[in-house]
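A quick write-up on the structure given underneath.
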Amino acid sequence: MSDDADLNALLDSIALELHNEQTNTGYIHPDLYNRTADRIMQGVFDGLGGKEFGYDDPRNQLGGYLQQNVYAFSAAKSLYQMQHFAKLMVSEDGGIREFTAFRNKVQDAGYIFNKTWLETEYNTALASAEGIDLWHSFSDDEILQISTVGDDRVRPEHALLDGFTAKKTDPVWRKIWIPFDFNCRCHIIPGLAKNIKDFTTNDLIKKGKVSKYFQNNPALSKIVFDEQMPMMRVLGKTKGNNLFAIDHYRMNPIEKLLDTGLDAKGFNNDEAAIKWFNSIKSNSSYDD
């Protein structure tokens with residue numbers, strides 16, 4: 001069976017379960033969870049250059065930290081999807097949609113979550129892992145330089161960072177490191193001492209409009225998805241725990257993409273799901 005056929009069958013099954021009230025929105029659906037986790041971890045492995053490394057290879061330990069982070073993100077995304085799908089059951093007039101109409105809504109939303117956005121998440125994991133591998137390939141006494149791809153797809157703000165140069169030991173690289181945002185294709189190359197100029201980290205962040213969720217070096221923070229990302233906050237009790245796709249992926253929110261007119265509010269998840277999610281976070285270390 002093709003991947004699209006598998007996804008369609010999964011979404012049909014979820015739609016049926018929700019419509020028949022056989023499941024709830026605080027449920028971490030294992031197939032949605034595994035679909036997300038497997039694809040994103042493939043990006044991690046592709047970026048690191050494999051799944052298994054020698055005992056002394058820094059990628060060996062980092063892979064474990066990244067996996068914890070990816071699994072937490074995948075659980076949060078699974079829960080968010082179930083909440084969003086359940087809302088699609090209610091029509092614009094406040095009634096319950098009949099099954100076929102509801103299933104079609106779930107199929108449309110599910111494709112965006114599990115194809116369009118999942119590829120962005122894969123690209124993010126790939127770029128982060130490549131950045132980790134690159135960081136460890138440079139010796140501590142090297143000089144590093146930001147380099148863009150140089151084509152017409154380069155974001156103007158990232159073009160302003162092109163050529164920035166500093167020693168690897170400079171703390172600037174703790175806040176500014178590839179990727180700078182979702183689907184960023186920038187790279188780091190060896191630089192020259194003569195190109196080092198006066199700068200402040202904050203000025204560079206503003207100049208390059210480096211997303212607040214990417215102001216870290218994955219090789220040091222040991223994460224792909226920041227805990228404050230909207231998708232990662234769905235189980236939290238902090239304010240603003242909505243999913244803002246425009247912040248996440250530079251895309252329109254799911255409601256606008258589907259033209260449902262629904263407002264994606266935060267979760268009211270069951271206590272067990274919150275406890276499980278928090279246990280995942282508490283077992284992860286994001287310190288340098």
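What you are looking at is a predicted structure, and each value in this text was computed from that prediction instead of being measured. Atom set for the values below is all heavy atoms of this structure, side chains included, hydrogens, waters and symmetry mates excluded.
- Residues L126 and Y65 are members of separate hydrophobic clusters, defined by side-chain heavy-atom contacts under 4.5 angstrom among Ile, Leu, Val, Met, Phe, Trp and Tyr.
- When all heavy atoms of D4 and K115 are compared, the closest pair comes out as OD1-NZ, 3.0 Å.
- To the nearest 0.5 Å, atoms OH (Y111) and CH2 (W117) are separated by 14.5 Å.
- Tracing side-chain contacts under 4.5 Å through hydrophobic residues (I, L, V, M, F, W, Y), one never reaches W135 starting from I189; they form parts of separate clusters.
- Nearest heavy-atom pair across F102 and A15 is CE2-O, 3.3 Å.
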Run the side chain to side chain contact (heavy atoms under 4.5 Å, CB included) check on R185 and V154 step by step: do they pass?
-> CA-CA 8 Å; R185 299 173 299 141; V154 173; 4.1 Å; yes
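- Residues E121 and K77 meet the side-chain proximity criterion, which asks for heavy atoms closer than 4.5 Å.
- When atom types are taken as modelled, the side chain of S74 and the backbone of A37 share a donor-acceptor pair closer than 3.5 angstrom.
- Atom CG of D93 sits in a crowded spot, with more than 12 heavy atoms from other residues, nucleotides or ligands closer than 6.0 Å.
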Would you check, one step at a time, whether the test side chain to side chain contact (heavy atoms under 4.5 Å, CB included) holds for T120 with T116?
-> CA-CA 7 Å; T120 293; T116 308; 5.7 Å; no
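- A cation-pi contact links R39 to Y122, judged by a cut-off of 6.0 Å to the six-membered ring centre and 45° from its axis.
- In terms of heavy atoms, N114 sits closest to T36 at OD1-OG1, 4.4 Å.
- At most 12 heavy atoms of other shown residues, nucleotides or ligands fall within 6.0 angstrom of atom NZ in K206.
- Proximity of the aromatic rings of W173 and F138 is defined here by a centroid distance below 6.0 angstrom, and this criterion is not met.
- When all heavy atoms of T148 and H158 are compared, the closest pair comes out as CG2-O, 3.6 Å.
- Panel note: side chain S128, backbone A125; no donor-acceptor pair is recorded below 3.5 Å.
- Sorted by first and then second residue, the salt bridge (Lys or Arg N to Asp or Glu O under 4.0 Å) pairs involving residues 127-149 (not counting sequence neighbours) are R59-D133, D140-K168.
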Which is it for S221 and N216 under the side-chain hydrogen bond (donor to acceptor under 3.5 Å, both in side chains) test, yes or no, and what are the steps along the way?
-> CA-CA 7 Å; S221 66; N216 77 95; 2.5 Å; yes
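- Put simply, the side chain of I40 reaches to within 4.5 Å of the side chain of L118, judged on heavy atoms.
- Under the 4.5 Å side-chain heavy-atom criterion for ILVMFWY residues, no single connected hydrophobic cluster contains both I143 and I178.
- I14 pairs with exactly one of H29, Q81, Q107 by the side-chain contact (heavy atoms from CB on, under 4.5 Å) rule, that one being H29.
- Residues L10 and L32 have side chains in contact (heavy-atom distance under 4.5 Å, counting atoms from C-beta outward).
- The existence of a salt bridge linking D108 and R103 is excluded, since no basic side-chain nitrogen approaches an acidic carboxylate oxygen closer than 4.0 Å.
- Residue F99 holds its CZ atom at 10.0 Å from CE of M89, rounded to the nearest 0.5 Å.
- Here D181 does not pair with K209 in a salt bridge; the nearest charged N to carboxylate O distance is not below 4.0 Å.
- Side chains of F180 and R155 form no contact here, defined as non-hydrogen atoms less than 4.5 Å apart.
- For the pair I132/H136, a side-chain contact is recorded, criterion being any heavy-atom separation below 4.5 Å from C-beta on.
- In summary, D226 and K212 do not engage in a salt bridge, as defined by a charged side-chain N under 4.0 Å from a carboxylate O.
- A 4.5 Å side-chain heavy-atom check between Q67 and M41 finds at least one atom pair inside the cut-off.
- Tracing side-chain contacts under 4.5 Å through hydrophobic residues (I, L, V, M, F, W, Y), one reaches Y71 starting from F225; they form part of the same cluster.
- Here K207 contributes atom NZ and I176 contributes atom CD1; the two are 10.0 Å apart, rounded to the nearest 0.5 Å.
- A donor-acceptor contact shorter than 3.5 Å is absent between the side chain of N195 and the backbone of T165.
- Judged by distance alone, with hydrogens and angles left aside, the side-chain atoms of E98 form a donor-acceptor pair with the main-chain N or O of A101 at under 3.5 Å.
- The closest side-chain heavy-atom distance from D170 to F199 is below 4.5 Å.
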Tell me, with the steps shown, if F164 and V172 meet side chain to side chain contact (heavy atoms under 4.5 Å, CB included).
-> CA-CA 11 Å; F164 169 75; V172 67; 4.1 Å; yes
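- Proximity of a side-chain donor or acceptor of Q215 to a complementary backbone N or O of V210 within less than 3.5 Å is detected.
- The line from OG of S147 to CD1 of I188 is 8.5 Å long, rounded to the nearest 0.5 Å.
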Would you check, one step at a time, whether the test salt bridge (Lys or Arg N to Asp or Glu O under 4.0 Å) holds for D3 with R35?
-> CA-CA 10 Å; D3 182 65; R35 183 182 183 86; 2.9 Å; yes
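- Atom-to-atom distance recorded for F73:CZ and I223:CD1 is 12.0 Å, nearest 0.5 angstrom.
- Under a 3.5 Å cut-off, the side chain of N217 and the backbone N or O of W177 do not form any donor-acceptor pair.
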Trace of the side-chain hydrogen bond (donor to acceptor under 3.5 Å, both in side chains) decision for E119 with N123 = CA-CA 6 Å; E119 283 311 293; N123 291 337; 5.6 Å; no
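- Ring geometry for H84 versus Y80: interplanar angle under 30°, hence parallel rather than tilted (30 to 60°).
- Side-chain atoms of L204 and T200, non-hydrogen and from C-beta on, never get closer than 4.5 Å to each other.
- Between I96 and H19, the shortest heavy-atom contact is CG2-NE2, 4.2 Å.
- Criterion: ILVMFWY side-chain heavy atoms under 4.5 Å apart, direct or through other members. Under it, L11 and I112 are part of a common hydrophobic cluster.
- The pair E92-R97 meets the salt-bridge criterion, since a charged nitrogen lies less than 4.0 angstrom from a carboxylate oxygen.
- Closest approach of L88 and A109 over heavy atoms only: CD1-CB, 4.0 Å.
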